[in-house]
Amino acid sequence: MGNNESNHDQASLSDHLVYVLYRGFECFLRLLPMEFVCIIGATMGQVTYFLMPRRRQIVLRNLRIVHHGRLSPRELNALARKTFRTSGLNLVASITASTLTNKEIIERVEVVGREHLLNALANNQGCILLLGHMGNWEVLTQLKTLVPEIKSPASLYRPLNNPLLNRLVKRRRQSRGAALFNRFDGFTKPITLLKSGGFLGVIADQSAGKHGMPVPLYGKLASMTNLPALLHRKTKAPILPVSMCTVSPGRWKVVVHPALEVSADELKDTYKVTARCAKAYEQLMNESPADVLWMHNYWRGANRTALKIRGSVPRNMKPADLSFTVPFYLLIYIPMRPANESLGEVLRYLRSCRPDFHITLVGSIPPPAEADTTLPVVPDEPPHLAANAIRNYEASLPAPFDCALDLSLDGTGTTLLTMAGIDKIFALKNEPPVGGHDDPANYQARLESFITRISPAPE
């Protein structure tokens with residue numbers, strides 16, 4: 001057992017309480033038919049849709065990025081509700097799925113594309129299974145039951161915070177013949193398994209933050225882990241994307257796709273292989289959109305350096321070389337104070353930090369040429385008119401605003417942007433005065449300090 005787990009072996013009183021409640025709920029569910037369990041889960045998901053507005057907004061934002069131009073606002077809302085229902089269904093069903101017999105698993109789960117697994121087995125190759133947070137992924141831990149011919153199935157996992165539940169999950173998965181590798185223990189064991197012809201499941205679809213690589217996902221730059229690419233380079237094991245779809249309550253379909261085509265020249269290019277993985281995830285997500293865990297913010301930015309590209313750009317690339325079709329939408333509220341020359345310098349600096357900016361200015365000053373769009377604000381008109389203009393303009397974009405900057409010192413921009421429904425706002429008024437002097441002459445220095453903090457230039 002890895003050090004990370006050893007440090008959390010001691011269960012607290014709350015851990016014991018959660019464990020007892022979980023086992024009690026599990027025993028209750030096992031008394032019910034699987035179809036009824038799924039109905040309970042779907043109902044809980046529907047209730048969650050109304051009780052978690054923050055998560056609902058993340059889901060709607062993600063779906064809008066993915067389906068802009070193809071689905072109307074009404075259809076996006078319907079898909080969001082279906083996503084919550086399906087996620088609730090699969091979450092609750094996964095509790096019961098871990099206790100099903102082999103016969104019940106085989107009866108309830110169809111495997112499509114098993115020939116791709118068998119081809120890797122026939123070639124005496126290990127296999128990297130590219131998995132996503134979609135469907136009832138607890139079923140995927142029992143892949144050996146569904147395809148008994150495969151050798152040594154294993155997966156990377158992050159230990160649960162509750163040591164009692166962690167041991168329960170490990171014990172059950174290992175009883176099905178699946179090995180578990182703690183991702184905090186390094187990758188020597190996973191690489192050894194792949195080189196010996198084993199099958200390794202890797203979930204790599206969520207934001208990897210500063211540890212990932214900025215690759216286009218549905219055309220918009222997202223930070224994705226390069227772990228599948230690194231394992232592929234070390235072992236030459238093919239990467240097989242696998243999707244998990246809900247067919248009906250209590251029945252699922254596992255679809256194994258052909259191995260990613262990686263040329264000999266691309267093998268050592270971790271970035272290109274990671275970009276191929278991102279493209280594969282698009283295919284998996286398109287296969288059953290309601291099964292995807294859209295509650296995760298795939299295009300999440302940093303809290304402090306909000307405008308910096310998340311992830312490490314390869315040494316042989318420049319940020320300007322990154323490909324994208326959906327920009328990072330930045331809204332900036334401009335008070336009357338800064339001169340056009342200084343504002344132009346700020347915008348030029350921002351564009352030097354990342355290539356995918358689309359900058360919209362809101363204010364009452366003449367717009368500089370460096371802005372993509374301007375929304376004028378008449379000082380004497382009611383603020384709700386400007387807020388409606390911002391809201392209507394955002395609705396016309398392929399994706400919502402990623403964040404907004406309020407460059408006023410009195411917070412008037414924050415009030416307006418909040419009224420317009422902008423969620424992520426960074427305000428200049430919260431920036432400490434440079435040299436401790438908060439006066440009009442200090443504005444320019446304070447502005448420069450603020451911009452360089454939230455969007456440091458690339459190294």
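- A donor-acceptor pair is defined here as one N or O able to donate and one able to accept, closer than 3.5 Å; no such pair exists between the side chain of Asn123 and the backbone of Gln125.
- Lys220 has its side chain out of reach of Phe324: every pair of non-hydrogen atoms, C-beta onward, lies at least 4.5 Å apart.
- Distance alone, capped at 3.5 Å, places no donor-acceptor pair between the Arg310 side chain and the Ala306 backbone.
- Within the structure, side chain to side chain donor-acceptor pair (under 3.5 Å) pairs that include any residue of residues 311-325 do not occur (at least two apart or interchain).
- For the pair Val346/Leu447, a side-chain contact is recorded, criterion being any heavy-atom separation below 4.5 Å from C-beta on.
- For the pair Asn430 (side chain) and Phe426 (backbone), a donor-acceptor distance under 3.5 Å is absent.
- A donor-acceptor pair under 3.5 Å is formed between the side chain of Tyr271 and the backbone N or O of Pro214.
- No more than 12 heavy atoms of other residues, nucleotides or ligands lie within 6.0 Å of NZ in Lys253, so this atom counts as exposed by the packing criterion.
- The environment of NZ in Lys424 is crowded: more than 12 heavy-atom neighbours from other residues, nucleotides or ligands sit within 6.0 Å.
- For Glu370 against Gly344, the heavy-atom pair with the smallest separation is OE1-CA, 3.7 Å.
- In this structure the side chain of Gln46 reaches within 4.5 angstrom of the side chain of Arg81, judged on heavy atoms.
- The stretch residues 107-119 participates, sequence neighbours left out, in these salt bridge (charged side-chain N to carboxylate O under 4.0 Å, His left out) pairs: Glu35-Arg108.
- Between Arg446 and Glu431, none of the side-chain N atoms (NZ, or NE/NH1/NH2) sits under 4.0 Å from a carboxylate O, so this pair counts as no salt bridge.
- Partners of Phe181 under the ring pair (Phe, Tyr, Trp, His ring centres under 6.0 Å) rule, at least two apart in sequence or in another chain, do not exist in this structure.
- For Val256 against Gly113, the heavy-atom pair with the smallest separation is CB-O, 3.4 Å.
- Ile105 and Leu146 get closest at one heavy-atom pair: CG2-CD2, 3.5 Å.
- A heavy-atom distance below 4.5 Å is found between the side chains of Ile239 and Cys277.
- Side-chain contact, Tyr218 with Asn286: a donor N or O sits under 3.5 Å from an acceptor N or O.
- Considering only heavy atoms from C-beta on, Lys189 stays 4.5 Å or farther from Leu193 through its side chain.
- Residue pairs meeting the salt bridge (charged side-chain N to carboxylate O under 4.0 Å, His left out) criterion with at least one partner in residues 273-286, sequence neighbours excluded, are Glu266-Arg276, Lys279-Glu282.
- Of all heavy-atom pairs spanning Glu75 and Leu71, the tightest one is OE1-CA, 3.3 Å.
- For Phe401, there are no ring pair (Phe, Tyr, Trp, His ring centres under 6.0 Å) partners two or more places apart in sequence or in a different chain.
- Inter-residue side-chain proximity for Pro163 and Asp15 is flagged as met; some heavy-atom pair is nearer than 4.5 Å.
- Pairs passing the side chain to side chain donor-acceptor pair (under 3.5 Å) check and including a residue from residues 89-99, sequence neighbours excluded, read Asn90-Thr246, Asn90-Trp252, Asn90-Asp291, Ser98-Arg172.
- Partners of Arg158 by salt bridge (charged side-chain N to carboxylate O under 4.0 Å, His left out), not counting sequence neighbours: none found.
- Smallest separation of non-hydrogen atoms from Leu416 and Ala387: CD1-N, 3.7 Å.
- A heavy-atom distance below 4.5 Å is not found between the side chains of Asp372 and Thr360.
- Residue pairs meeting the side chain to side chain donor-acceptor pair (under 3.5 Å) criterion with at least one member in residues 229-242, sequence neighbours excluded: Arg233-Thr270.
- Geometrically, Arg391 does not engage Tyr393 in a cation-pi contact defined by less than 6.0 Å to the ring centre and at most 45° from the axis.
- Evaluation of the ring pair (Phe, Tyr, Trp, His ring centres under 6.0 Å) rule for His257 yields no partner, not counting sequence neighbours.
- Listed by first then second residue, pairs satisfying salt bridge (charged side-chain N to carboxylate O under 4.0 Å, His left out) with a partner in residues 51-64 read Arg54-Asp423, Arg61-Asp402, not counting sequence neighbours.
- For Glu261, the CD atom is loosely surrounded, since the number of other residues' heavy atoms within 6.0 Å does not exceed 12.
- Looking only at distances, no side-chain donor or acceptor of Asn226 sits under 3.5 Å from a matching main-chain atom of Ala229.
- The ring pair (Phe, Tyr, Trp, His ring centres under 6.0 Å) check on His296 picks up Tyr298, with sequence neighbours excluded.
- Contact check for Glu287 versus Val255: side-chain heavy atoms found under the 4.5 Å cut-off.
- For residues 126-141, the pairs satisfying salt bridge (charged side-chain N to carboxylate O under 4.0 Å, His left out) are Glu138-Arg173, with sequence neighbours left out.
- The heavy-atom pair separating Thr225 from Ala208 by the smallest distance is N-CB, 3.5 Å.
- The main-chain N or O of Thr414 is found under 3.5 Å from a side-chain atom of Asp406 such that the two form a donor-acceptor pair.
- Geometrically, Arg85 does not engage Tyr49 in a cation-pi contact defined by less than 6.0 Å to the ring centre and at most 45° from the axis.
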